[in-house]
Amino acid sequence: MPTPREIFVESSFDFGMLGYAVPQLIGALPFLVGLVLALTMRARLGAVATGLAMAACVLGIVGVLVSTWWGLWGIRAVYEADGSSTVIGIVSVLIALLHLVWLSLLVAAVFAGRRPAVVVRDAVPAPDSPL
């Protein structure tokens with residue numbers, strides 16, 4: 001099995017991999033924007049929604065970085081070592097679960113930050129109102 005030094009330092013970098021890496025890493029920008037927005041709007045969102053949104057964004061960034069690493073170097077290291085499809089399957093399932101977790105946290109943040117509806121008592125609709 002190759003050592004980490006052999007994988008990262010002594011392997012030649014193929015510039016064709018930039019066509020994969022750059023769009024993958026650009027995919028982290030919406031998570032960074034979401035993180036900044038959650039921090040700047042924390043007074044309006046509330047503590048629970050802000051915490052859930054920040055956790056979702058951080059896990060999304062981790063997911064993008066892990067997926068990029070796996071696509072560029074990790075899967076190649078597994079193939080060079082023993083070519084075990086079990087390891088590839090396990091890592092793929094873990095990455096999918098990571099995506100499921102951050103997306104679930106983001107949906108939970110949306111519902112946690114939702115304010116209750118305003119109830120108006122004894123309201124009189126306008127004459128031409130469809131209500």
Side-chain angles (χ1 to χ4, degrees):
M1 180 167 184
T3 64
R5 179 175 173 76
E6 292 171 344
I7 294 171
F8 296 109
V9 177
E10 296 174 4
S11 66
S12 62
F13 183 76
D14 181 14
F15 283 100
M17 288 192 246
L18 288 176
Y20 173 78
V22 171
Q24 280 285 103
L25 295 175
I26 288 175
L29 289 179
F31 293 114
L32 289 173
V33 170
L35 190 64
V36 170
L37 286 175
L39 284 171
T40 57
M41 298 179 65
R42 66 183 175 267
R44 182 175 179 188
L45 292 175
V48 174
T50 301
L52 289 171
M54 288 175 51
C57 290
V58 168
L59 285 177
I61 292 169
V62 168
V64 167
L65 295 177
V66 168
S67 296
T68 304
W69 175 84
W70 178 247
L72 289 175
W73 292 289
I75 200 163
R76 182 174 18 160
V78 170
Y79 275 129
E80 289 175 358
D82 59 358
S84 173
S85 61
T86 305
V87 173
I88 294 170
I90 290 172
V91 172
S92 298
V93 167
L94 290 176
I95 289 173
L97 287 175
L98 182 62
H99 288 290
L100 177 69
V101 169
W102 73 253
L103 186 59
S104 299
L105 286 172
L106 193 60
V107 170
V110 168
F111 287 110
R114 186 175 172 174
R115 303 272 189 243
V118 177
V119 178
V120 179
R121 298 185 191 276
D122 302 325
V124 178
D128 293 332
S129 174
L131 300 175

Heavy atoms of Val58 and Leu35 approach each other most closely as CG2-CD1, 4.2 Å

In the single-linkage hydrophobic clustering (I, L, V, M, F, W, Y; side-chain heavy atoms under 4.5 Å), do Ile75 and Leu94 co-cluster?
no

Criterion side-chain contact (heavy atoms from CB on, under 4.5 Å) on Leu52 and Leu106, from CA distance to verdict:
CA-CA 7 Å; Leu52 289 171; Leu106 193 60; over 6 Å; no

Verify, without hydrogens or angle tests, whether Ser67 (side chain) and Val64 (backbone) share a donor-acceptor contact under 3.5 angstrom.
no

With no hydrogens and no angle check, is any side-chain donor or acceptor of Arg42 less than 3.5 Å from a backbone partner on Leu39?
yes

Stepwise side-chain contact (heavy atoms from CB on, under 4.5 Å) check, Leu25 with Leu65:
CA-CA 7 Å; Leu25 295 175; Leu65 295 177; 3.8 Å; yes

Trp69 with Phe31, same ILVMFWY side-chain cluster at under 4.5 Å:
yes

Got Val33 and Leu37 here, is their nearest side-chain heavy-atom distance under 4.5 Å?
yes

Please give me the minimum heavy-atom distance between Ala53 and Ala38, naming the atom from each residue.
CB-CB, 4.0 Å

With clusters defined by side-chain heavy atoms of hydrophobic residues (ILVMFWY) lying less than 4.5 Å apart, directly or transitively, does Leu105 cluster with Val107?
no

State plainly whether one hydrophobic cluster holds both Leu72 and Val22, where clusters connect Ile, Leu, Val, Met, Phe, Trp and Tyr through side-chain heavy atoms under 4.5 angstrom apart.
yes

Could you report the tightest heavy-atom contact between Ile26 and Pro30, atom names first, then the distance?
O-CD, 3.6 Å

Between Val48 and Ala112 the two heavy atoms that sit nearest each other are CG1-CB, 3.9 Å

To the nearest 0.5 Å, tell me how far Leu98 CG sits from Leu103 CG.
11.0 Å

Are Ile61 and Leu100 connected into the same hydrophobic cluster when the rule is that any two of I, L, V, M, F, W, Y join if their side-chain heavy atoms are below 4.5 Å apart?
no

Heavy-atom pair of closest approach, residues Trp70 and Ser92:
NE1-OG, 4.5 Å

